[in-house]
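A short write-up of the structure that comes next.
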Amino acid sequence: MGSREGRQVHGVVVKLGLLADLYVQNSLIRCYGACGDLSCAGKVFDEMVVRDVVSWNSLISGFMKAGHFDEAISVFFRMDVEPSIATLVSVLAACARNGNLCTGKGIHGVIERRFKVNLVLGNAMLDMYVKNGCFYEAKKMFDELPTRDIVSWTIMITGLVQSDHPKESLELFSMMRTLGISPDAIILTSVLSACASLGTLDFGTWVHEYINQRGIKWDIHTGTAIVDMYAKCGCIEMALQIFYSMPQRNTFTWNALLCGLAMHGLVHEALDLFEVMTISGVEPNEITFLAILTACCHSGLVDEGRKYFENMSKLYNLLPKLEHYGCMIDLFCRAGLLEEAVELARTMPMKPDMLIWGVLLNACTTVGNVELSHRIQDYILELDHDDSGVFVLLSNISAINQRWSNVTRLRRLMKDRGVKKAPGSSVIEVDGKAHEFVVGDISHLQTEEIYKVLNLINSVYHESH
DNA sequence: GTAATCATCT
């Protein structure tokens with residue numbers, strides 16, 4: 001039922017004088033929530049005199065469906081009746097999706113004290129920890145679950161892939177298979193994603209064949225994952241074949257193919273495909289333009305890059321993000337347009353990150369433009385004086401350039417700016433030994449010691465190139 | 001009531 005029908009039913013309910021009935025009210029909230037009409041759902045909810053747990057759950061579900069996770073959590077905190085298991089499951093899902101570890105932990109505490117954990121609730125907690133990057137807690141919880149189902153395994157495997165541990169995710173998948181658990185289309189989607197990031201064509205192909213042989217019903221998610229896997233593994237032919245055989249494709253599917261083409265240097269194919277995509281009426285998103293700009297970047301298509309970058313906001317109403325600016329800056333650098341690159345970095349609406357500064361400084365080093373390199377370092381120090389990460393970067397550059405006088409200058413600047421905190425440290429491995437380079441410590445080191453650290457970075461740099 | 005696909009530049 002759509003929102004319009006919901007309103008009609010609402011009207012009839014009012015006429016019949018049934019609006020005061022709790023069950024009728026709850027059903028209306030559910031109905032409005034399910035079709036995304038949150039203002040009507042909220043209105044019914046607000047006008048209720050007596051609310052039960054179902055009323056609250058229905059409102060929370062409405063916010064979840066609409067992707068308003070913060071609101072879902074805030075409704076939970078306003079509850080004046082005892083939450084049910086279903087409430088906790090929904091709110092844990094909200095904490096998983098918006099990264100609210102604090103609330104999630106609080107709910108975990110409440111559950112331990114007052115509820116009996118069932119499978120679904122256990123999975124919801126597991127997912128909350130995994131999505132918040134707490135793998136220690138997650139593993140403990142996974143090991144201690146009285147029963148595990150395919151969802152529990154999927155949460156762990158997906159979490160590992162998404163936090164950049166595809167190898168471990170495949171190991172866990174093998175373990176699952178050893179235990180005789182049959183994979184479904186959903187878990188195979190994540191397994192394909194792991195294969196894609198590892199570039200393991202043989203395993204990816206096995207998954208594809210497994211799906212075919214077992215007659216596992218696959219949908220647009222799985223299809224996209226297969227396209228992505230083949231594209232990333234360099235089998236563009238297979239990627240195209242699957243792509244065209246799919247009954248439906250969405251922006252993600254097109255993006256998978258576009259990224260694959262861009263990644264393998266098939267620049268004109270990527271640009272052509274983008275045209276077909278727009279003609280087909282599929283809306284590009286930020287990732288689409290990232291793929292397109294990358295393609296331009298790889299073959300030095302400056303004018304085309306500029307055009308697509310402009311069209312992003314002009315034609316598609318997409319605001320370029322940090323990554324798009326990074327791509328453009330890299331494109332300018334590769335084309336030798338260093339001044340333009342620096343200008344874009346200075347005028348972009350958000351603060352450039354270390355990667356962007358690194359690209360710029362690296363470009364200066366490549367062409368031997370010491371003057372511009374110094375100017376960039378001054379901008380960085382103006383902008384990011386409280387971020388000690390920049391000092392690692394600048395020290396790196398100084399070390400690479402063998403300009404030790406700069407190190408002294410940096411050390412003085414750090415002292416002047418009062419940089420003490422060390423949010424990050426670089427661990428450098430030399431001869432199998434890990435050396436930790438903590439930025440905040442540098443100001444307390446003797447000049448000779450700084451030289452040692454920088455030499456170390458320098459030697460690592462040359463080893464890796 | 002819980003699980004899934006796309007992501008540039010060192």
Side-chain angles (χ1 to χ4, degrees), chain A residues 57-58 60-61 64 83-94 96-97 118-128 130-131 149-159 161-162 183-194 196-197 218-229 231-232 246 249-260 262-263 284-298 305 320-334 341 352-363 365 393 396-397 400 461 464-465:
Chain A
N57 289 354
S58 303
I60 290 173
S61 300
M64 290 299 289
S84 64
I85 300 263
T87 321
L88 300 169
V89 168
S90 290
V91 179
L92 282 167
R97 280 152 205 253
N118 66 12
L119 179 60
V120 176
L121 193 52
N123 284 344
M125 285 198 281
L126 188 62
D127 195 38
M128 188 276 295
V130 168
K131 291 256 169 37
D149 65 356
I150 188 81
V151 176
S152 327
W153 288 95
T154 308
I155 289 165
M156 292 299 284
I157 285 169
T158 304
V161 184
Q162 290 181 348
D184 63 3
I186 295 181
I187 201 162
L188 291 174
T189 303
S190 288
V191 173
L192 284 163
S193 175
S197 43
W218 52 280
D219 59 7
I220 197 159
H221 292 256
T222 326
T224 302
I226 298 173
V227 170
D228 179 50
M229 183 276 294
K232 283 228 179 71
M246 286 171 69
R249 304 170 203 106
N250 61 15
T251 305
F252 280 41
T253 321
W254 286 88
N255 285 354
L257 196 53
L258 279 170
C259 293
M263 188 183 276
N285 66 9
E286 286 93 347
I287 306 296
T288 315
F289 279 97
L290 219 41
I292 294 301
L293 293 176
T294 306
C296 293
C297 190
H298 284 166
K321 296 207 278 202
L322 179 83
E323 291 84 351
H324 301 94
Y325 283 97
C327 235
M328 287 307 288
I329 289 164
D330 193 29
L331 172 59
F332 290 145
C333 283
R334 284 172 196 237
D353 65 352
M354 286 310 110
L355 228 47
I356 291 179
W357 290 125
V359 165
L360 284 165
L361 288 168
N362 195 40
T365 310
L393 178 73
N396 260 302
I397 293 295
I400 292 156
Y461 181 87
S464 63
H465 284 72

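In this structure, A/Lys131 reaches the B/dA4 phosphate: one of its side-chain N or O atoms is under 4.0 Å from OP1 or OP2.
Using a 4.0 Å heavy-atom distance criterion, A/Leu355 is classed as a base contact. Heavy atoms of A/Asp184 sit under 4.0 angstrom from at least one base atom. Within the nucleic acid shown, A/Thr158 comes within 4.0 Å of sugar-phosphate atoms alone, with no base atom in reach, counting heavy atoms only. Note on A/Ile220: a base of the nucleic acid sits closer than 4.0 angstrom, heavy atoms only. Within the nucleic acid shown, A/Arg97 comes within 4.0 Å of sugar-phosphate atoms alone, with no base atom in reach, counting heavy atoms only. Residue contacts shown for A/Thr154 include a base, since a base heavy atom lies under 4.0 Å away. Among the atoms of the strands shown, none is found under 4.0 Å from any heavy atom of A/Asp353. If you check every strand for non-hydrogen atoms under 4.0 Å, A/Lys321 touches nothing.
Distance from the side chain of A/Asp149 is smallest for B/dT2 among the nucleotides B/dA3, B/dA4, B/dT2. Nearest nucleotide to the side chain of A/His298, out of B/dT8, B/dA7, B/dA3: B/dT8.
A/Ala291 approaches A/Cys259 most closely through the heavy-atom pair CB-SG, 3.7 Å.
Between A/Asp127 atom CG and B/dA4 atom C1' there is a gap of 11 Å when expressed in whole angstrom units. In this entry the distance linking CD of A/Gln162 with C1' of B/dT5 reads 10 Å, nearest Å.
No donor-acceptor contact under 3.5 Å links the side chain of A/Thr294 to the base of B/dT8. Side-chain N/O atoms of A/Asn255 and base N/O atoms of B/dC6 include a donor-acceptor pair closer than 3.5 Å.
Put simply, the residue from A/Ile187, A/Val130, A/Leu188 that forms a side-chain contact (heavy atoms from CB on, under 4.5 Å) with A/Ile157 is A/Ile187.
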